Amino acid sequence: MANDAVLKIEGKEFPLPTMVGSEGEKAIDVRNLRAQTGYITYDDGFGNTGSCTSGITFIDGDAGILRYRGYPIEQLAEHSSFVETAYLIIHGELPNAKQRRHFGDLLRLHSPVHAAMDHLFEGFPLGSHPMAILSALLNSLGCYYPHLATNRVQEDLANFEEASAIAISKVRTIAAMSYRKSRGLPYIYPKRTLPYCENFLHMMFSQPYEDYVCTPEVAQALNLFLLLHADHEQNCSTSTVRMVASSGANLFASVAAGVCALWGPLHGGANMAVIEMLESIHAEGDDGSKFIESARSGKAGHRLMGFGHRVYRNYDPRAKIIKASFDKALASLGIKDDPLLAIARRLEDAALSDQYFLSRKLYPNVDFYSGLIMRALGIPQNMFTVMFAIGRMPGWIAHWKEVASNPKNKIYRPRQVFTGNAKRDYVLMEKRA
Ligand code: ACO
């Protein structure tokens, strides 16, 4: 740290320390600002605020770079799998063969849910949104495994390996069960012989009288989707997980909160919103040009969903990878002409040559094409954001651990600039207008 920033305020100068991250990211340390000056920083939406130091994921939004634990996303997408990448994100290093086998064994061991949890699903009305069920059931894991959810950080950390394997493995089982519940279908239990993605698709699509067997291409497409979503530094849901973790709450409670934050259409819900947008453009017989015109208003309900990103002011590298693998995946699934894909491509071409989008640096984000991949895999629309949650689980877990194991952890507690009424006296009912 060096004291090389100076803030001049009300005629007085205050030196402020600066910091530089391992990739050259610069920050001004304002932790003592209020005590020194009486001022706080105002940064609605936190676009300029570093809430923590973190060693998990690096993003350079201007250059379109994403790395997990130092490894470029392009290399992981080509050579790794979701489960191996989950291990990397959580433990910091790629596993050797023995570690990878042990991790796989743990995930297999924890794939079924506690039998008593079946009754929790029964309590939800038919048609319940699977994100609501997912969040509630993830939180309830703390009731079934109280020794892993003590809310005493050192004890929860001591059992972290078991708790994290339970979260990664069971999120997929709960997700599939919530889908079957929402459709009034009987539950299909996991098979220990199946790898992670194949097992999920089995629980989603098998019937009691007939197993669903997926092709290697389908399993690979799902693996890629999950791997690309595995972490994305301080996004809305991860910051939520860290916020909850900062109070000393257990892993299950923290990731359940992450699911709620992910649900909204400006975050994980965007993949579903993209498909809804494409379907409505298709239904109206628009080739996309009318929609692009109205999207230039930038208003909610008119925005080009799947475009723009708080951090990427360039093509989202995950969108590039999904787009590049798209044709192969569709061909392997036997899908030749998808009218929604044709509209998506036209929208992208139009937006990338439109001054409104160019001047605001709005490029496709991961959600622009990921919904189309999910749709091609047969995943129902209301499960898209759940799929994102399954993918994001390793990131949430790694961030929970980073917060829990930080000996200098402070509870997250931002301040505000109050703009409400100044002090006034209580008015008796009979005197009110
Ligand atoms: N379509 C049209 N205009 C847009 C869009 C869009 N998708 N996104 C941003 N803009 C415009 C805004 O209206 C604003 O214009 P102005 O300067 O004239 O007022 C400008 O671009 C900046 O927009 P902000 O909302 O300030 O950008 P912010 O960084 O806060 O928002 C966000 C990022 C939420 C992702 C936004 O781009 C958006 O709503 N995109 C669509 C939803 C989406 O795809 N979300 C997924 C994000 S990725 C993820 O969570 C995995």
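Since the model is a prediction, treat every value here as computed from it, not as a measurement. Just follow the structure's listing: the first ligand is 1, and inside any ligand the first atom is 1.
Proximity of atom 19 (O) of ligand 1 to the protein is not indicated, since no non-hydrogen protein atom lies closer than 4.0 angstrom. The protein reaches atom 50 (O) of ligand 1 closely, with a heavy atom under 4.0 angstrom from it. When distances from atom 45 (N) of ligand 1 to the protein are checked, a heavy atom turns up under 4.0 Å. Counting protein heavy atoms under 4.0 angstrom from atom 2 (C) of ligand 1 gives one or more.
Distance check: L377 CG to M383 CE gives 12.0 Å after rounding to the nearest 0.5 Å.
One N or O on the side chain of D43 and one on the backbone of T49 form a donor-acceptor pair closer than 3.5 Å. Within the 3.5 Å criterion, the main-chain N or O of A77 finds no donor-acceptor partner in the side chain of S80. Between the side chain of D286 and the backbone N or O of F291 there is at least one donor-acceptor pair closer than 3.5 Å. The closest donor-acceptor contact from the side chain of K26 to the backbone of M19 lies at 3.5 Å or more, if one exists at all.
The heavy-atom pair separating S128 from S182 by the smallest distance is O-CB, 3.8 Å.
Counting heavy atoms closer than 4.0 Å to ligand 1, residue L266 contributes atoms from both its backbone and its side chain. Residue-level proximity to ligand 1 for R303 is carried by backbone and side chain together, each with a heavy atom below 4.0 angstrom.
Using a 4.0 Å cut-off between a side-chain N of Lys or Arg and a carboxylate O of Asp or Glu, E198 and K191 do not qualify as a salt bridge. In this structure, R346 does not pair ionically with D349, as no charged nitrogen and carboxylate oxygen lie closer than 4.0 Å.
Counting atoms of ligand 1 from 1 in the listed order, those under 4.0 Å from a heavy atom of G306 are 43 (C), 44 (O). Taking every non-hydrogen atom of D367 and a distance limit under 4.0 Å, the qualifying atoms of ligand 1 come out as 46 (C), 48 (S), 49 (C), 51 (C). Near A270, the atoms of ligand 1 lying under 4.0 angstrom from a non-hydrogen atom of the residue are 43 (C), 44 (O), 45 (N), 46 (C). In the vicinity of F388, heavy-atom distances shorter than 4.0 Å reach the ligand 1 atoms 51 (C). The contact set between ligand 1 and R313, taken as ligand atoms under 4.0 Å from a residue heavy atom, comprises 29 (O).
Ranking the protein heavy atoms by distance from atom 7 (N) of ligand 1 puts L304 O, 2.8 Å first. The protein non-hydrogen atom at the shortest distance from atom 35 (C) of ligand 1 is G308 O, 3.7 Å. Nearest protein heavy-atom contact of atom 40 (N) of ligand 1 is F307 O, 2.9 Å. With hydrogens left out, the protein atom closest to atom 9 (C) of ligand 1 is L362 CD2, 3.5 Å, a heavy atom. For atom 42 (C) of ligand 1, the nearest protein heavy atom (residue, atom name, distance) is M305 CE, 3.4 Å. The nearest protein atom to atom 29 (O) of ligand 1, hydrogens excluded, is given as R310 NE, 2.9 Å; this is a heavy-atom distance. In terms of protein heavy-atom proximity, atom 15 (O) of ligand 1 is closest to R360 NE, 3.2 Å. The protein atom (non-hydrogen) at minimum distance from atom 48 (S) of ligand 1 is H309 CD2, 3.4 Å.
For the pair M277 and ligand 1, no heavy-atom separation below 4.0 Å is found. Heavy-atom distances between Y356 and ligand 1 reach below 4.0 Å in at least one pair. For A295, the closest heavy-atom approach to ligand 1 falls below 4.0 Å.
Ring orientation note: the planes of H110 and Y145 are nearly perpendicular, at an angle over 60° on the 30°/60° scale. Ring geometry for Y187 versus F121: interplanar angle of 30 to 60°, hence tilted. Ring geometry for F160 versus H91: interplanar angle over 60°, hence perpendicular rather than tilted (30 to 60°).
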Test log, rule side-chain contact (heavy atoms from CB on, under 4.5 Å), inputs I73 and L227 = CA-CA 9 Å; I73 191 69; L227 182 155; 4.0 Å; yes

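Judged by a 6.0 Å distance limit and a 45° cone about the ring axis, R172 is positioned over the six-membered ring of Y196.
Taking the ring centroids of H309 and F368, they lie at or beyond the 6.0 Å cut-off.
By the 3.5 Å distance cut-off applied to N or O atoms, H267 is counted among the residues near ligand 1.
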